[in-house]
Amino acid sequence: MTDYFRVERPKGAALPIVVDVPHAGEWIPPAVEQEMTVGNRPPKRDLDLFTDRIWHDAPAHGATIVESKVSRYVIDLNRAADDISGAAVAGASAVNEPGYYKERGVVWRTTTDGTPVMAAPMTLEAFERRIATFWQPYHDALRHEIDRVRSEFGFCILVDGHSMPSLGRTSRRSNNRRADIVPGDLDGCSCNSAVSRIVTDHFRGVGYSVRPNDPYKGGWITRNYGAPAEGVHAIQIEVNRDLYMDERTFRVRPDGLKRLAEACVELLPRLGALEL
């Protein structure tokens with residue numbers, strides 16, 4: 001355990017699984033708060049609220065968990081460390097311009113609805129300090145756990161835990177609700193097909209609607225760590241927020257959260273039974 005993220009290994013029988021939860025945190029440490037405009041009451045829609053509670057019991061079911069406690073408005077751990085633009089970091093054009101995610105790369109200039117996160121572009125010095133403080137230690141720990149599990153079992157399954165709004169920005173007018181569960185495997189490139197099949201079958205079997213790779217195929221973590229030929233099988237799992245929370249008030253629906261958390265951790269032994 002650190003101030004900024006949690007690493008917990010199973011105390012009993014272990015499975016060849018690492019679960020990572022990069023976007024559940026809400027904490028904006030005082031050391032960086034002065035560089036931001038959102039202060040102590042940042043908007044919440046872009047956070048994967050309560051996904052830490054959904055996957056919290058993964059170690060009791062045999063998986064290792066790596067979970068950030070820091071807000072993605074401080075650092076987005078599901079982005080490459082050089083995914084920045086000049087709008088967010090002064091002088092970024094010398095590093096990487098314009099950045100894959102434009103103004104919402106590894107540091108966000110605005111929220112998805114345009115609310116400013118920073119009053120002005122941060123300096124390269126401040127940016128490098130934020131990477132060294134928050135991004136690098138998290139990914140060092142995640143890589144260490146993946147390599148440790150792969151060394152022990154011969155392979156590792158990485159489950160990248162996220163949540164999504166029930167309606168996308170382009171689908172709100174049509175009220176076209178997303179599926180309950182969206183597994184993302186980069187259209188079959190980030191993991192063995194057996195991993196994707198078990199995830200899909202498991203969630204359908206417990207009564208959830210599932211739509212693989214639609215609308216999310218997998219983010220940077222899935223792309224960066226998923227290497228089936230090297231024994232690392234990464235799959236992103238997006239859960240629909242309206243299953244367990246009120247998206248307007250951000251209040252938990254306890255029964256929905258309990259059911260979803262049970263379904264998620266019950267997936268782990270099924271994945272752990274695979275021989276890859």
Side-chain angles (χ1 to χ4, degrees), residues 1-10 14-27 46-72 74-81 83 106 131 133-153 155-164 181-186 190-192 195-196 198-199 216-228 230-239 260-261 263-265 267-269 271-272 276:
M1 177 78 76
T2 76
D3 287 342
Y4 304 133
F5 59 91
R6 164 194 173 215
V7 177
E8 184 177 346
R9 297 174 181 172
L15 298 174
I17 299 171
V18 174
V19 175
D20 92 287
V21 182
H23 287 162
E26 297 185 69
W27 184 31
D46 297 316
L47 309 181
D48 291 350
L49 294 173
F50 312 117
T51 49
D52 51 345
R53 292 170 62 176
I54 290 170
W55 294 101
H56 183 271
D57 290 339
H61 291 74
T64 295
I65 193 164
V66 182
E67 166 200 302
S68 175
K69 297 190 284 181
V70 177
S71 169
R72 75 186 302 185
V74 173
I75 201 78
D76 195 324
L77 297 164
N78 199 24
R79 304 284 195 266
D83 190 352
V106 68
I131 291 292
T133 303
F134 305 109
W135 190 96
Q136 196 64 58
Y138 182 90
H139 282 285
D140 286 347
L142 181 56
R143 173 56 73 185
H144 177 78
E145 295 305 316
I146 290 170
D147 290 346
R148 179 187 61 81
V149 168
R150 179 174 55 180
S151 177
E152 179 178 351
F153 292 93
F155 67 94
C156 176
I157 299 171
L158 174 64
V159 176
D160 186 32
H162 294 267
S163 72
M164 59 187 174
I181 308 291
V182 174
D185 64 2
L186 305 180
S190 65
C191 63
N192 185 289
V195 174
S196 301
I198 282 180
V199 171
Y216 299 108
K217 298 179 185 294
W220 182 82
I221 287 174
T222 306
R223 296 194 306 271
N224 182 65
Y225 291 102
E230 299 172 17
V232 181
H233 303 267
I235 188 162
Q236 178 176 287
I237 298 181
E238 296 271 2
V239 297
L260 182 59
C264 285
V265 296
L267 166 69
L268 301 176
L271 288 174
L276 301 172

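With hydrogens and angles disregarded, a donor-acceptor distance shorter than 3.5 Å links the side chain of N78 to the backbone of W220. Not one N or O on the side chain of D20 forms a donor-acceptor pair closer than 3.5 Å with the backbone of V66. A donor-acceptor distance shorter than 3.5 angstrom exists from the side chain of W135 to the backbone of R79, with no hydrogens or angles considered. Put simply, the side chain of S190 gets close to the backbone of A234: a donor and an acceptor are under 3.5 Å apart.
I17 contributes atom CD1, which lies 12.0 Å from atom NE2 of H233 (distance to the nearest 0.5 angstrom). Note: H139 NE2 to I146 CD1 = 9.5 Å, rounded to the nearest 0.5 Å. D46 contributes atom CG, which lies 9.5 Å from atom CG of D76 (distance to the nearest 0.5 angstrom). How far CG of D185 is from OG of S196: 3.5 Å, rounded to the nearest 0.5 Å. From L267, atom CG reaches atom NE2 of H61 across 11.0 Å, with rounding to the nearest 0.5 Å. Distance CE/M164 to CD/Q236: 10.0 Å, rounded to 0.5 Å.
You'll find the side chain of H23 stays beyond 4.5 Å of the side chain of T51, heavy atoms only.
When every heavy atom of R143 is checked against every heavy atom of Y225, the shortest pair comes out as NH2-CD2, 3.2 Å. Of all heavy-atom pairs spanning Y138 and E67, the tightest one is CE1-C, 4.0 Å. Looking at every heavy atom in both residues, V70 comes nearest to F134 through CG2-CD2, 4.1 Å. Minimum heavy-atom separation, Y4 to W27: CD2-CZ3, 3.5 Å. Shown here for G184 and T222, the closest heavy-atom pair between the two residues is O-CG2, 4.1 Å. Contact record, P22 with H162: CG-CE1, 3.5 Å, taken as the closest heavy-atom pair.
For E230, the CD atom is loosely surrounded, since the number of other residues' heavy atoms within 6.0 Å does not exceed 12.
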